[in-house]
Amino acid sequence: MRLTEDEIYRSSTQYRLWSYTADALQSLRSSTNASAAQRVKAAVKRQREARRESAYNSDAEKRVNGTDSGAVTPAITDKEVECLTVEEEQKIVNAFCGQAIALGQFLEFPINVVATGVQYLKRFYLFNSPMTYEPKVIMPSAMFLATKTEIFHMTAENFASRLPNTTAEQVLAPEYLITQALRFTFDVRHPFRGLNGGHMEMAAMANGKAAVLPSANKTPANLQQAMLKLPLEPNGSSSSMNVRAVEKRLGEATAKASKTLKTAALLTDVYFLYTPSQIWLAAYLLADEVLTLFYISSKFEDEADPSTPSGISKSKVIATVRACAAMLASHTSMAHATEDEIKALEKKEAEEVKAIQRKLHYCRDPDKMDLVKLNKAQKRDAGTDGKLEESKAKRRKLEREKNEKEADEFWGPELPKENVTGK
Amino acid sequence: MALSPLDSPKPVPNAAKTITAKAKALTLSNNAASSPSTHASTPSSDGPQDLSEQLNDQVRRKYVQGGRLGEGTYAIVYSGHLVSDPSTLVAIKKIKVNAEYKDGLAMDAVREVKHLQELSHPNIIKLHAVFSTRDQNLNLVLEHLPLGDLETLWRNKDVSYGPADIKAWAGMLARAVWFCHENFVLHRDIKGNNLLIAADGSVKLADFGLARSFADPYTKMSCNVITRFYRPPELLYGTRHYGGAVDVWSMGVVIAELALREFFLPSETEIEQLDRIAEVFGSPTEENWPGVSKLDNYVPAAKENLKRPQPLMYWKQRFGMLGDEGIDLIRYMCKLDPRSRATARQVLEHPYWMAAPRPTPKEKLPRNAGGARKMAEDLKRKGGEVEGEGRADKVARKLDFSALKR
């Protein structure tokens with residue numbers, strides 16, 4: 001009746017729905033990008049045709065009053081819309097994931113709220129393109145949803161009031177889209193608790209109080225002895241530290257790994273590709289390789305290439321952790337460089353993102369521009385109980401449009417508010 | 001308005017087609033039956049559907065909604081079945097939109113969906129799917145559990161049951177709670193009427209609207225959880241840090257109720273609840289519960305009011321159905337001090353389960369009186385209700401509509 005952690009993890013939605021191979025992840029993103037681009041092109045084409053038609057058919061006045069959303073090229077041209085590439089989409093989503101972290105820090109959210117919010121964003125953009133839904137709009141909403149699922153609740157009103165130029169309505173409008181894109185799975189498994197647990201376990205080892213796996217065939221005393229002699233660097237000569245020194249070493253490694261988990265781990269694709277335990281071990285490996293390899297080895301017998309009772313070889317575990325570490329290390333925040341160099345790198349990235357945003361401005365899906373309005377329209381058309389059939393909704397909409405049109409024809413279009421009040 | 005993107009012509013045949021193809025591929029990988037009717041679907045008022053909208057629609061189209069089974073404070077439950085197989089019954093729990101709640105998706109729904117998506121166990125209600133309808137309501141497709149709940153069972157005087165049956169029900173409950181805790185989930189509302197009974201007689205823990213993950217150390221949790229009769233003393237004293245022990249207390253009370261066939265610790269207020277507990281288990285003091293005086297709402301009993309725990313005789317007289325081991329177990333589950341209370345694992349390791357009698361196999365467990373007859377009655381009544389509901393709804397819609405026009 002004992003459940004292994006592996007069994008528990010395999011039953012999670014993170015494993016069942018949100019874990020991918022690198023290839024599957026890439027192809028999912030490509031197809032999301034392709035279908036979004038197609039939609040943008042079609043919608044823009046439709047819009048241009050409609051505009052051209054109205055230019056022919058209706059009087060000039062109507063064109064002036066038309067509430068053109070303005071995000072598409074103002075001039076009527078037949079130039080093909082230039083859409084974002086997958087790489088550009090990735091860059092812009094990642095930039096907003098970075099902003100989500102900054103927002104979380106500013107609002108003093110606990111790390112699990114921030115981390116969950118960031119993963120919601122990343123999951124959302126596996127199935128949606130920034131061209132369809134702007135990250136600027138989705139990000140705060142994803143963070144707000146995370147405050148609910150991670151039980152750090154505040155009202156939408158309060159949340160919005162702490163963001164620049166944001167209303168509660170704007171925060172809530174995409175919530176529903178997000179839950180749908182998340183396929184109604186809200187649980188995100190993070191590596192933070194694993195890191196803390198690993199730290200405590202290693203501290204116990206240093207004190208000769210390790211709880212040893214029966215299969216590993218080791219004693220707490222010989223683990224402690226080995227730990228005190230660990231070299232400081234990979235391939236270095238063995239040292240002789242006292243318990244206090246090892247504890248200090250552990251503290252430093254954990255702090256460094258923790259920082260990696262709060263930045264690079266959230267901003268790369270490791271959550272899609274690796275398990276939480278692989279992620280924290282990878283972060284630890286980057287902080288102190290010798291300690292990490294020692295810790296992993298403590299779980300196995302001392303043989304050439306031992307395996308766990310369930311048949312997973314030590315070399316496979318280490319290879320996976322190393323691959324995950326390489327992905328973490330590839331993030332800008334992890335670059336082996338001076339602070340100035342990193343700043344320069346970050347500045348360069350920020351400029352790239354700005355350029356992409358300019359490009360995005362011209363390839364937004366015009367149908368999905370105003371989420372607040374869309375949200376209202378959807379609720380209105382559905383009535384109050386959702387049982388309204390589509391045909392009825394359609395009929396009602398036609399009727400409404402007809403009425404509007406008739407009213408317009410009789411009274412003329414509604415006057416802008418400024419004119420009414422005479423200002 | 002004439003040029004607003006909302007009113008642009010649709011659908012776009014080309015785009016729609018590729019999206020459909022892709023959604024189908026994705027759905028297949030998600031184990032859902034691909035639905036050939038996607039093409040026929042009328043796009044909503046805002047242009048062609050999103051990929052995720054299509055996935056959602058495909059889930060929705062797998063089920064047929066039937067009559068209304070009941071209504072709670074935050075949801076309406078309907079019966080339903082699979083389109084592809086009308087004999088596969090489900091319950092569809094439709095989360096009500098609360099006009100008072102201004103923060104979007106309701107917290108209860110978030111909690112329930114979050115945890116049920118992760119928990120898969122024979123004694124926990126199965127969440128088959130979640131989909132949304134056009135009004136942005138969440139619909140939870142849940143396992144069909146037609147045989148009532150443990151509370152209606154002990155209340156039902158037409159049903160007689162014995163020690164082996166109690167052990168079977170208690171065992172299923174204990175396994176469910178153990179599984180939740182093993183997955184770091186606190187249920188926080190265990191009680192007889194959240195323990196539903198499936199057609200095969202098995203007990204299923206339901207209603208995860210108050211559930212949450214175990215908190216990190218030092219993180220405060222709400223103490224205003226668990227229905228009063230089942231609330232452990234530490235919560236009544238206002239503790240903000242707790243673990244699985246709160247669920248274990250509730251579980252102990254539920255098992256006691258099965259043996260008593262009445263409420264074990266009924267009360268009108270929280271103060272009275274503490275009195276009821278003290279009458280049975282003694283007044284909490286630093287002696288029997290080190291640290292209790294530091295809890296926020298703790299009020300020490302005056303010397304003359306200090307109650308002593310009931311002697312073993314009391315237990316033997318009232319809980320003969322449980323046997324000596326069973327009595328030992330519920331007293332272990334209801335220790336005042338949560339730190340010396342049994343954990344869910346210790347509950348499962350208790351000698352009660354190994355002692356005679358063996359638990360009744362679930363197929364042979366007594367059921368709510370004349371199962372089929374009662375169900376038929378229910379169905380008849382519900383049919384009428386649904387009729388009425390439908391008419392009322394239409395009226396409401398009309399009013400709504402005219403208001404909208406203006």
Side-chain angles (χ1 to χ4, degrees), chain A residues 1 3 8 11-13 31-32 35 38-39 42-43 46-47 50-51 54 62 66-69 127-128 132 148-149 151 153 155-157 168 172 175-176 179-181 183-187 193 366-367 369 373-374 377-388 390 393-394 396-397 400 403, chain B residues 1-10 12 14-15 18-19 22 30 41-42 44-48 50-53 55-56 94 102-105 107 110 113-115 117-120 130-138 178-179 182-183 212-213 216 219 221 348 393 396-397 400-401 404-405:
Chain A
M1 77 178 179
L3 281 176
I8 291 178
S11 72
S12 70
T13 51
S31 49
T32 296
S35 68
Q38 202 158 12
R39 257 169 55 165
R46 249 187 298 127
Q47 229 181 24
R51 224 173 304 171
S54 74
K62 214 164 189 178
T67 45
D68 191 331
S69 43
F127 289 93
N128 293 287
T132 318
K148 291 205 243 179
T149 59
I151 319 200
H153 193 40
T155 62
E157 199 65 50
L172 292 174
E175 184 184 48
Y176 176 73
T179 56
Q180 208 173 50
R183 298 202 258 167
F184 309 106
T185 60
F186 300 130
D187 195 46
R193 282 178 175 176
D367 286 342
M369 212 73 92
K373 206 151 115 197
L374 269 182
Q378 200 175 24
K379 280 186 177 162
R380 185 189 58 217
D381 280 351
T384 45
D385 63 354
K387 275 182 274 180
L388 199 55
E390 310 216 279
K394 206 169 176 184
R396 230 175 53 187
K397 185 164 173 274
R400 193 168 57 232
N403 285 345
Chain B
M1 274 312 278
L3 290 178
S4 132
L6 275 177
D7 297 327
S8 48
K10 68 219 145 240
V12 201
N14 243 345
T18 46
I19 293 163
K22 177 150 178 260
N30 195 19
S41 79
T42 331
S44 57
S45 63
D46 40 61
D50 274 329
L51 245 174
S52 31
E53 275 168 4
L55 284 172
N56 180 59
K94 189 183 180 78
K102 301 280 184 227
D103 297 320
L105 195 53
M107 275 304 287
V110 167
V113 170
K114 174 177 170 178
H115 295 297
Q117 288 276 32
E118 307 295 319
L119 297 169
S120 173
V130 184
F131 63 84
S132 50
T133 31
R134 297 271 301 280
D135 51 356
Q136 310 198 343
N137 266 358
L138 279 192
W178 166 76
F179 189 80
E182 205 69 6
N183 281 277
R212 64 161 293 156
S213 301
D216 283 321
T219 306
M221 290 184 272
L348 290 182
D393 263 14
R397 225 181 276 147
D400 205 39
F401 186 28
L404 202 143
K405 262 188 177 170

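In what follows, every chain begins at residue 1, and chains take the letters A, B, ... in the order their sequences are listed. As a basis for the values below, the full set of heavy atoms in this structure was taken, side chains included, without hydrogen atoms, waters or symmetry mates. Small disclaimer: the values here were computed from a predicted structure and weren't measured.
Between atom CE of residue B/M107 and atom NE2 of residue A/H153 there is a gap of 6.0 Å, rounded to the nearest 0.5 Å. The line from CD1 of A/I151 to OG1 of B/T219 is 10.5 Å long, rounded to the nearest 0.5 Å. In this structure, OH in A/Y176 is found 8.5 Å from CG in B/N137, a value given to the nearest 0.5 Å.
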Please determine whether side chain to side chain contact (heavy atoms under 4.5 Å, CB included) holds for the pair B/K102 and A/T155, giving the CA-CA distance in whole Å, both sets of side-chain angles, and the decisive distance to 0.1 Å. CA-CA 8 Å; B/K102 301 280 184 227; A/T155 62; over 6 Å; no
Full working for side chain to side chain contact (heavy atoms under 4.5 Å, CB included) between A/F184 and B/Q117: CA-CA 8 Å; A/F184 309 106; B/Q117 288 276 32; 3.9 Å; yes
What do the steps show when you test B/E118 against A/S11 for side-chain hydrogen bond (donor to acceptor under 3.5 Å, both in side chains), and what is the final call? CA-CA 7 Å; B/E118 307 295 319; A/S11 72; over 6 Å; no
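If you measure heavy-atom distances from A/A181 to chain B, the contacts under 4.5 Å come from both the backbone and the side chain. No part of B/L119 comes within reach of chain A, as not one of its non-hydrogen atoms sits under 4.5 angstrom from that chain. Both the backbone and the side chain of A/Q180 come within less than 4.5 Å of a heavy atom in chain B. For a residue to count as touching a neighbouring chain, one of its non-hydrogen atoms must lie under 4.5 Å from one of that chain's; by this rule B/S120 does not touch chain A. Of the atoms belonging to B/F179, it is side-chain heavy atoms, and not backbone ones, that fall under 4.5 Å from chain A.
The two residues B/G104 and A/K148 make their nearest non-hydrogen contact at C-NZ, 3.6 Å.
Of all the listed residues (A/L172, A/T185, A/T179, A/T132), the one sharing the greatest number of non-hydrogen pairs under 4.5 Å with chain B is A/L172.
The backbone N or O of A/T149 lies less than 3.5 Å from a partner atom in the side chain of B/K114, making a donor-acceptor pair.
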